[in-house]
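The block underneath contains the structure these notes are about, expressed in structure tokens.
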Amino acid sequence: QVQLVESGGGSVQAGGSLRLSCATSGLTYRNYRSYCLGWFRQAPGKEREGVAIISTHDQSAYYADSVKGRFTISQDNANLNLYLQMNSLKTEDTGMYYCAADLFPNTPNCGTRVRDFGYWGQGTQVTVSS
């Protein structure tokens, strides 16, 4: 059974930093395939959007334009835990942040859409105040 548990959310002033963690369990390398791991966020009244995605087999990463240069995604290959370092936070970064995972698809890169991921955590709230 796959479980994803996020932590590290909280309230911070604009310009501050937070580090999110996602503890995974139940993800196993099957048939030598790797995984796509990602962070998504959802602000009130808005759709869930991909923030940062990483591939476990080559560490290639995708970032939404809105977070490039401020957020860094990383993962621990030993246990497939996932992290998101968020610096220079802005009020528009406020939202519920979700960890997501799925097997690497039969395409060159990880998907970046909600429907590309089948496993989800419960989310951790990030609130950035001005």
Side-chain angles (χ1 to χ4, degrees):
Q1 181 180 359
V2 176
Q3 286 190 315
L4 308 176
V5 181
E6 303 94 337
S7 62
S11 297
V12 64
Q13 287 193 322
S17 298
L18 284 173
R19 179 177 170 85
L20 304 184
S21 299
C22 174
T24 73
S25 61
L27 295 178
T28 58
Y29 286 101
R30 295 184 290 170
N31 299 321
Y32 304 100
R33 292 181 68 184
S34 59
Y35 284 90
C36 296
L37 304 176
W39 289 99
F40 288 73
R41 69 185 179 192
Q42 188 165 18
K46 295 189 177 180
E47 293 187 352
R48 193 172 299 187
E49 62 174 352
V51 173
I53 312 294
I54 191 167
S55 164
T56 63
H57 81 276
D58 64 2
Q59 308 294 300
S60 59
Y62 156 87
Y63 293 95
D65 288 342
S66 59
V67 307
K68 282 180 181 177
R70 301 187 298 120
F71 290 11
T72 302
I73 189 171
S74 60
Q75 53 97 189
D76 182 346
N77 262 332
N79 52 29
L80 291 180
N81 287 345
L82 184 67
Y83 307 94
L84 185 68
Q85 178 66 43
M86 304 187 296
N87 298 328
S88 302
L89 282 161
K90 304 177 180 180
T91 55
E92 53 262 45
D93 294 319
T94 293
M96 186 70 77
Y97 282 69
Y98 297 92
C99 174
D102 213 320
L103 286 168
F104 196 92
N106 292 321
T107 57
N109 301 300
C110 289
T112 61
R113 302 163 298 182
V114 171
R115 63 185 180 185
D116 294 320
F117 291 80
Y119 301 110
W120 293 87
Q122 294 300 306
T124 185
Q125 178 67 36
V126 172
T127 303
V128 184
S129 58
S130 58

TODO: Check whether any side-chain heavy atom of Y119 lies under 4.5 Å from a side-chain heavy atom of Q3, and answer yes or no.
DONE: no
TODO: First locate atom OH of Y63, then atom OG1 of T72, and finally report the distance between them rounded to the nearest 0.5 Å.
DONE: 4.5 Å
Task: Exercise: identify the closest heavy-atom pair between I54 and C110 - done: O-SG, 4.1 Å
Open item on the list: Between V67 and V114, is there shared hydrophobic-cluster membership here, with clusters defined by ILVMFWY side-chain heavy atoms closer than 4.5 Å?
Closed with: no
Task: Contact check, side chains of D102 and D116, non-hydrogen atoms, under 4.5 Å - done: no
Task: Joint cluster assignment, M86 & I73, ILVMFWY side-chain distance < 4.5 Å - done: yes
Open item on the list: Looking at every non-hydrogen atom in both residues, tell me the closest pair between P105 and C36 and how far apart they are.
Closed with: CD-SG, 3.7 Å
Task: Pairwise distance OG(S129) to CD(Q13) - rounded to 0.5 angstrom - done: 5.0 Å
Open item on the list: Hydrophobic cluster membership, with links at side-chain heavy-atom distances under 4.5 Å among I/L/V/M/F/W/Y: are V51 and L82 in one?
Closed with: yes
TODO: Sort and list the pairs that fulfil disulfide bond (SG atoms under 2.5 Å apart) and have at least one residue in residues 38-103, not counting sequence neighbours.
DONE: C22-C99
Open item on the list: Ignoring hydrogens, what is the shortest heavy-atom contact between L27 and Y35? Give both atom names and the distance.
Closed with: CD2-CE2, 3.6 Å
Task: Shared hydrophobic cluster, W120 / L20 (ILVMFWY, side-chain heavy atoms < 4.5 Å) - done: no
Open item on the list: Please determine whether a side-chain nitrogen of the Lys or Arg among K90 and D93 lies less than 4.0 Å from a carboxylate oxygen of the Asp or Glu.
Closed with: no
Open item on the list: My understanding is that only one of Y97, Y98, F117 makes a ring-ring contact (aromatic ring centres under 6.0 Å, His included) with F40; could you say which?
Closed with: F117
Open item on the list: Can you confirm whether T56 sits close enough to F104 that some side-chain heavy atom of one is under 4.5 Å from a side-chain heavy atom of the other?
Closed with: no
TODO: Give a yes or no on whether E92 atom CD has more than 12 heavy-atom contacts from other residues, nucleotides or ligands under 6.0 Å away.
DONE: yes
Open item on the list: Quick check against the 3.5 Å criterion: does T94 have a side-chain atom that pairs as donor or acceptor with the backbone of T127?
Closed with: no
Open item on the list: Working to the nearest 0.5 angstrom, can you tell me the gap between Q42 CD and Q125 CD?
Closed with: 10.5 Å
Task: Gap between atom CZ of F71 and atom CG of N87 - 0.5 Å precision - done: 8.5 Å
TODO: Check side-chain contact (heavy atoms from CB on, under 4.5 Å) between R19 and all other residues, then give those that pass, not counting sequence neighbours.
DONE: Y83, Q85
Task: Shortest non-hydrogen contact between N81 and T24, atoms and distance - done: OD1-N, 3.0 Å
Task: CE-CD distance between M96 and Q122, expressed to the nearest 0.5 angstrom - done: 9.5 Å
Task: S66: side-chain hydrogen bond (donor to acceptor under 3.5 Å, both in side chains) partners, not counting sequence neighbours - done: R41
TODO: Locate the shortest heavy-atom distance separating A101 from L37; write the atom from each residue and the value.
DONE: CB-CD2, 3.5 Å
Task: Considering all heavy atoms, the nearest L84-A52 contact - done: CD1-CB, 4.1 Å
